[in-house]
Structures are given as C-alpha cells and as structure tokens.
Number of protein chains: 2
Amino acid sequence: MKLTKKITCNNCTDPCDFQSALAKTGRSIDDANIFHAHFKKHDVICKQGKEVTHALFLTKGWAKLYLEGLNNRNIILYILKPPAYIGLLSFFETPIYAYSVTALEDSEVCFVELGLVKKLYIESHDLLLCLNKVFGKSVADIMNKIISINQKQIRGRIAENLIYLSNLHQSHKFHLCLTRKEIGEMAAISEENTVRLLSEFAKESIISVKGRDIEILDMPLLKKICDVG
Amino acid sequence: MKLTKKITCNNCTDPCDFQSALAKTGRSIDDANIFHAHFKKHDVICKQGKEVTHALFLTKGWAKLYLEGLNNRNIILYILKPPAYIGLLSFFETPIYAYSVTALEDSEVCFVELGLVKKLYIESHDLLLCLNKVFGKSVADIMNKIISINQKQIRGRIAENLIYLSNLHQSHKFHLCLTRKEIGEMAAISEENTVRLLSEFAKESIISVKGRDIEILDMPLLKKICDVG
DNA sequence: ATTAAACATTGTTGTAAATCAACTTTTTTT
DNA sequence: AAAAAAAGTTGATTTACAACAATGTTTAAT
C-alpha cells in the first residue's frame, strides 16, 4: 500500500455515495480527510481478524474477497470490481474484519474514517439506504454460495463460477485474472480438480481454454450443468 | 399462524428496540399498527423466496433459521431464541427472504410494517446502530459456518454444534429442541452420521445421551475436537 | 388399545473428491 | 542467460461421507 495524491475525490471518475452524502450534509470533501492509496497486485487490502478503522472503496483494479479458513485454505466469496464497497459487510459496527481482500491487479482504494461514516449515515438516510441495499445483495449471494459449496458437485460448482466470471466480464470470452488455484478457491475445490474439470469442459466443447483465455462456447449447456448441481 | 390480542407492546416483557425508537420519534405504539401472532411448533414463520413485508421480532419460543437447498436438503444457520430479530438479514432493503424460519416450539412473533421500520431508522440513529450491530454479528457467524461446513470433518462439526447448543442453553446439560435430522442439518451432515457420532461421543464419555437429553461431560476435549476440525 | 407415522439406530456399500506424486511449462529473479 | 520459483497438468491412490437397507422405538392419531 502506498499513499497517493494523484487521485482525489475532486477528480474521481466513479464518485461513491459518500460524496453526495458529504455534499448533502454540507461538509467539504477536503475537510473530510479522505485519503487514497495504491495497492500492487497481490497486496492485501484488508485482513481478516484485523480492526476495521475505515470504510474502503475500490475505484480501480479488481480484487478478491475471501475467507481464510483452516490449514491455509481460502474460500473466495466474490470478486470485487470497481466501483465497489470493500468493507461493506464489516463496517456496520463490526470491530474486526470477518474476511480478507487482496488485489488481483494494481488497484486504487479510498479510505474514509469510520467516525465520519457513522456521522454521515446518521445525517444522510440516502447513504444508509444505498449501503443497506448493496449489503442485502451481498448476503443473498453468500447464502447462495453456502448452498452451492455444500450441495453441488464440483462440476456444477465450476460451471457456476465460469458463468459468474463471464457475467463479471460481460462477455463469453475473457482473460482470467485468477490462477487455477484461485478458481478452485471460488468453488471450494482442489487445484488439481479445477484443472481437470477445465480440460474436461474443453474436451466436451463447452468452453475453450488457452492458458488463461477462456471462451464459453455452449452457455445453455453450462447453465444446465450448473443447475443440476 | 394465528393473530393474538393477548400479547401487545404494552404488556411486553422483552421490549424490542422498535419500542424505544417509537418513543423517541414521538409516535404512539397504538398508531404503529404492530400486530402479534402465535405460531405452533413446526409452523413456518417466514419463507425463503417470499416477499419481505414486515420486520419480525421473536418474543417467545425457539425457532430455526435455515436455507432450503437442493433436493429438499436444508442447512440450519442458527437457532433463534427470544428476544431476536427474525428477518434481520433480509429486511435491509432486500425484497425477498434469503432463508426460512420455522418454529421449534409454540412461539410468539411481532410484526412491524416495513414502511414504519424504514421511517424509524431514518429518524432514529440508535435503532439503526442497534440493528447493524446484531447484523454484523450474524454475518460473522455465517462466515464461520462456511468454513466449518466446508473445511471441518463431521466429527469436528458435530462437536462445534454441541458446544453451540450448550452455550444457547447456558448449561452443559440440556434437552434438545431438535431431531437428529435437524442436528445433522446444523452441521450439514446426514442424519445417520449424526446418530453415529452422538453414540460415538457417548461411548468415549465425552457426552452422555439419553434420548434428547444431552450432557457434555468433557467440554475441553469437545472443544479440542472442534478446533482440530 | 391399536395402527400409523415419525424418529432413531447400526451395518454395509458406492463414490466423489482430496491427496499424493511426478513432471512440464511459464514466469520471475539475479 | 541461468537459476529459482511459481503455476499448470495428469494419473494413481486413499478416504470421508452420503446413500441404502433393515429394523427398533417412541409419539401421535383414531
């Protein structure tokens, strides 16, 4: 992490809900003491178990949000893509992070002091409702993940995550920002089986795989595999 | 579900945070149109996929909160014990329930219109902070559950849930309000293996089991089994 | 009191998926 | 350019657990 002065709220291309909240409550952005930082690929943005001191907002670069489980095994809950609230599930009165977030590529993050956030959502209902909305979506996604991980077989889980990645890229053809191991961590399966299934899907002409370039050739079939579990 | 006039906010023994919020915003409880209902054992209190119309507050009787998964397999996320917000994870701007709740015994539930809730937490920061706090705790619990279900073996999972139930009853000796199948659904394991493990633990003198009466005899060992996974 | 239904138990079997192991390819470092 | 580290691949082996089956026991209904 490296502080940067280049990016400020004033030249922000993706203004977050904090900005309008600041405006509405008659505060100046400069007084708000918001600072901006650059994270390099693989840098940890926030760490499970550590204290929550700021609300974090991702403005550039993708990141993975994951649980650090037993025996150094991670489960990736979802991929964050800007603009995104990073600490959302944790900054509502939770003292410590319930998960970790790591940059998948060079990223930019804004830091808003938690004290200010609290003041803001006491004074601005709109901000609160916005955040709660995103929050609710996250919870629903996690519930779905629990079922998926626990009740689908690895074939269905990999299919599900390929579809997820495709939606994220908004294209059937995309370049993976994840290693095979990380794809495995999304579906909570071993790296070996991830590789095996990707080749299997390729052999069946459901997808095409060239290194990290993936193309989904038969989306209906992939969806079917996902749905039957 | 059966409406009841016997229980009202005015004679409530466990006043919820809505009451103080109502008072603070100068509203009368009678105008608030809060109604109270009785649920019999096994009644569904709220149903996954159905619209969220009210905030629900459990004042009497225990209930289970669970996900309805594939092939009629449920996963119980936690047990609700009064006083408890039932719909907490869903009434923050989520239109539909992400889970179901069913009464484990005869229960009483208060219904507060969602419109009023929204007004209340716009006008009363305290209410909001209270709810968010409970909310954060729930999320942390769910994260832990994901790891547990996915990375622990069934022995560790059953141990974990026995400890959980013991804490809930605030005693090492308690009467199960759940069937073996439901104990299994808490740990996401089959009914058969649940039975097997309970007998196994009993044979090892870690617990004593007589029907639904459980006593934890060796809590340190049980904790160890839980921790090693 | 009798029957049905729900709940509990135990042994056996099949299999999905992790683990192990050995190896190749790609990327990064010096 | 060479060495080292990380990432990717494939087959063989092991195992944890669900599913099946058969049977006993308690609870609820008529």
Side-chain angles (χ1 to χ4, degrees), chain A residues 40-42 64 69-75 102 104-106 147-161 175-203 207-214 225 228-229, chain B residues 40-42 64 69-75 102 104-106 147-161 175-203 207-214 225 228-229:
Chain A
K40 290 213 291 191
K41 191 174 173 172
H42 299 143
K64 59 175 176 178
L70 280 21
N71 309 115
N72 293 316
R73 286 177 58 199
N74 299 330
I75 299 178
T102 291
L104 290 170
E105 48 190 3
D106 288 13
I147 295 300
S148 171
I149 280 179
N150 201 253
Q151 303 187 345
K152 281 189 184 179
Q153 312 205 162
I154 53 174
R155 225 175 126 83
R157 307 217 293 265
I158 284 292
E160 181 168 336
N161 282 287
H175 182 84
L176 283 176
C177 48
L178 302 161
T179 65
R180 307 291 150 127
K181 192 181 170 200
E182 286 170 324
I183 302 276
E185 286 174 346
M186 290 187 73
I189 69 180
S190 70
E191 183 181 5
E192 291 94 325
N193 279 329
T194 307
V195 171
R196 239 182 291 266
L197 281 171
L198 287 180
S199 331
E200 212 173 291
F201 282 166
K203 204 171 287 167
I207 61 174
S208 108
V209 183
K210 270 194 206 95
R212 290 206 182 175
D213 288 309
I214 304 268
I225 293 170
V228 298
Chain B
K40 290 213 290 191
K41 190 173 174 172
H42 299 141
K64 59 175 177 180
L70 280 22
N71 308 115
N72 293 316
R73 285 177 59 199
N74 299 330
I75 299 178
T102 293
L104 290 169
E105 48 190 2
D106 287 14
I147 296 300
S148 171
I149 280 179
N150 202 253
Q151 301 186 345
K152 281 188 184 178
Q153 310 203 166
I154 51 173
R155 226 176 124 82
R157 306 217 293 266
I158 283 292
E160 181 167 337
N161 283 287
H175 183 83
L176 282 176
C177 49
L178 303 161
T179 65
R180 309 290 151 129
K181 192 181 171 201
E182 285 171 324
I183 301 275
E185 285 174 347
M186 290 186 72
I189 69 180
S190 70
E191 184 182 2
E192 293 92 326
N193 278 328
T194 307
V195 171
R196 235 183 294 269
L197 282 171
L198 288 179
S199 330
E200 213 172 293
F201 282 167
K203 205 171 285 167
I207 61 173
S208 108
V209 183
K210 272 194 205 94
R212 289 206 182 174
D213 288 310
I214 304 267
I225 294 169
V228 297

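Residue numbering restarts at 1 for every chain, and letters A, B, ... go by the order of the sequence lines. Note that these values count all heavy atoms, side chains included, but never hydrogens, waters or copies made by symmetry.
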Between [N] ([atom2]) and [X] ([atom1]): distance, integer Å:
{"X": "I183(B)", "N": "dT9(C)", "atom1": "CD1", "atom2": "P", "value": "11 Å"}
{"X": "Q153(A)", "N": "dC17(D)", "atom1": "CD", "atom2": "P", "value": "16 Å"}
{"X": "L178(A)", "N": "dA7(D)", "atom1": "CG", "atom2": "C1'", "value": "13 Å"}
{"X": "I214(A)", "N": "dG8(D)", "atom1": "CD1", "atom2": "P", "value": "11 Å"}
{"X": "E182(B)", "N": "dA6(C)", "atom1": "CD", "atom2": "P", "value": "14 Å"}
{"X": "N71(A)", "N": "dA18(C)", "atom1": "CG", "atom2": "C1'", "value": "12 Å"}
{"X": "I158(B)", "N": "dA8(C)", "atom1": "CD1", "atom2": "P", "value": "13 Å"}
{"X": "L176(B)", "N": "dA6(C)", "atom1": "CG", "atom2": "P", "value": "20 Å"}

Of the non-hydrogen atoms in [X] and [Y], which two are nearest, and what is the gap between them?
{"X": "C177(B)", "Y": "R212(B)", "result": "C-NH1, 4.3 Å"}
{"X": "L70(A)", "Y": "Q151(B)", "result": "N-OE1, 2.6 Å"}
{"X": "E185(A)", "Y": "K64(A)", "result": "OE1-NZ, 4.3 Å"}
{"X": "R157(B)", "Y": "I189(B)", "result": "NH2-CG2, 3.0 Å"}
{"X": "V209(B)", "Y": "A202(B)", "result": "CG2-CB, 4.1 Å"}

Tell me whether the OP1 or OP2 atom of [N] has a side-chain N or O from [X] closer than 4.0 Å.
{"X": "S199(A)", "N": "dT10(D)", "answer": "yes"}
{"X": "R180(A)", "N": "dA6(D)", "answer": "no"}
{"X": "T179(B)", "N": "dA6(C)", "answer": "no"}

Tell me, with the steps shown, if E182(A) and L104(A) meet side-chain contact (heavy atoms from CB on, under 4.5 Å). CA-CA 10 Å; E182(A) 286 170 324; L104(A) 290 170; 3.9 Å; yes
Restricting to side chain to side chain contact (heavy atoms under 4.5 Å, CB included), what partner residues turn up for R155(B), sequence neighbours left out?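 Residues passing side chain to side chain contact (heavy atoms under 4.5 Å, CB included) with R155(B): L197(B), E200(B), F201(B), E204(B), I206(B), I225(B).
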At under 4.0 Å between heavy atoms, what does R212(B) touch on the DNA or RNA strands: base, sugar-phosphate, or nothing?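 It contacts sugar-phosphate atoms only.
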Can a donor-acceptor pair be found, under 3.5 Å and without considering hydrogens, that links the side chain of R180(B) to the backbone of E191(B)?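 Looks like no, no N/O pair under 3.5 Å.
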Is there a side-chain contact (heavy atoms from CB on, under 4.5 Å) between I183(B) and V195(B)? Walk through the geometry before answering. CA-CA 9 Å; I183(B) 301 275; V195(B) 171; over 6 Å; no
What does the inter-axis angle of the helix from dA1(C)-dT30(D) to dT30(C)-dA1(D) come out as, five pairs per end, nearest 10 degrees?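 For the helix from dA1(C)-dT30(D) to dT30(C)-dA1(D), the axes at either end differ by 50°.
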If the sugar-phosphate is the primed atoms plus P, OP1 and OP2 and the base is the rest, what is the B/S/- string for nucleotides 18-28 of chain D, using protein heavy atoms under 4.0 Å? BBB--------
